J.: 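Before we start, here is the structure in question, set down as structure tokens.
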Amino acid sequence: MVDISELKQLIALMNENDLVEIEVTSETGRKVRLRKNHEEPANRMVAVMPGFSPGAPAAAPAPAERKAEEDKNLALISSPMVGTFYRSPGPDADPYVNAGDRVTGETVVCIIEAMKVMNEIKAEIEGEVVEVLVENGEPVE
């Protein structure tokens, strides 16, 4: 049985930290995963591209305002697990995605190797890849 007060605390934690998803495993092994069900705008971007601000006003905004505007239009695809990041299915294969590629929720963007298991990671959002922030073979979490 799930304790409603614990769920309320998790929801408050999500709201306070602007989280879309949270997963918690208790010491006894009980797992709770909460995910907000909301539509992502079709023009959401992946990663970060300095100086890019779609729909920005004609007059150049101050740097802090420009950064805030960019953040609204960008989404970061984070690794759901600890492991090693690979851009392609093999050493001689083309990367799954490159900057400028359009992705859908089902597009595989990379592989994360965790405990000798290769896990395909999907974008889970629709948009355009702006930049890949991790180098091939780097550890991620």
Side-chain angles (χ1 to χ4, degrees), residues 2-141:
V2 177
D3 183 4
I4 299 298
S5 65
E6 289 176 356
L7 282 178
K8 287 181 179 180
Q9 288 176 344
L10 288 174
I11 292 168
L13 179 68
M14 288 178 70
N15 291 334
E16 289 168 10
N17 294 288
D18 198 27
L19 301 175
V20 175
E21 183 174 1
I22 188 170
E23 184 173 334
V24 178
T25 305
S26 72
E27 295 161 351
T28 61
R30 188 178 74 187
K31 208 180 255 191
V32 175
R33 180 177 180 187
L34 300 174
R35 182 175 188 170
K36 291 181 182 178
N37 186 16
H38 68 286
E39 293 289 321
E40 292 287 340
N43 67 344
R44 291 285 290 202
M45 297 295 167
V46 180
V48 177
M49 182 175 151
F52 180 77
S53 183
E65 293 171 7
R66 186 170 48 241
K67 176 73 173 143
E69 182 66 28
E70 289 170 11
D71 290 347
K72 290 180 196 174
N73 294 310
L74 299 175
L76 186 66
I77 299 175
S78 299
S79 177
M81 65 192 72
V82 175
T84 304
F85 171 85
Y86 295 105
R87 291 192 64 189
S88 62
D92 298 328
D94 291 333
Y96 285 109
V97 295
N98 290 304
D101 291 352
R102 299 285 306 165
V103 296
T104 66
E106 294 300 309
T107 303
V108 174
V109 294
C110 69
I111 290 177
I112 303 296
E113 178 187 4
M115 298 175 59
K116 305 292 182 197
V117 176
M118 299 297 186
N119 301 281
E120 288 186 339
I121 307 301
K122 295 182 179 178
E124 295 185 359
I125 59 173
E126 184 175 316
E128 179 182 345
V129 177
V130 176
E131 182 178 0
V132 178
L133 300 174
V134 182
E135 293 298 322
N136 206 40
E138 282 188 4
V140 294
E141 58 179 81

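Just so we're clear, the structure is a prediction, and the values are computed from it rather than from any experiment. The chain is numbered in sequence order, starting from 1.
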J.: Side-chain atoms of residues 84-91: list all donor-acceptor pairs with protein atoms under 3.5 Å, sequence neighbours left out, distances to 0.1 Å.
T.:
from : atom 1 : to   : atom 2 : distance (Å)
Y86  : OH     : E113 : OE1    : 3.2
R87  : NH2    : V97  : O      : 2.8
R87  : NH2    : N98  : OD1    : 2.8
S88  : OG     : G90  : O      : 2.7

J.: My understanding is that only residues two or more places apart in sequence, or in another chain, count here; which of them pass salt bridge (Lys or Arg N to Asp or Glu O under 4.0 Å) with E106?
T.: K122
J.: Suppose we screen for side-chain hydrogen bond (donor to acceptor under 3.5 Å, both in side chains). Which residues come up paired with S79, at least two apart in sequence or across chains?
T.: none
J.: To the nearest 0.5 angstrom, please state how far the CG atom of L74 sits from the CD atom of E128.
T.: 10.5 Å
J.: Show me the donor-acceptor pairs, under 3.5 Å and distance only, between side chains in residues 114-121 and residues at least two apart or in other chains.
T.:
from : atom 1 : to   : atom 2 : distance (Å)
N119 : ND2    : I112 : O      : 3.1
N119 : ND2    : V117 : O      : 3.2

J.: Looking at residues at least two apart in the chain, or sitting in another chain, which of them share a side-chain contact (heavy atoms from CB on, under 4.5 Å) with E138?
T.: V134, E135
J.: Rounded at 0.5 Å granularity, tell me how far CG in D101 sits from OG1 in T107.
T.: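 It comes to 9.0 Å.
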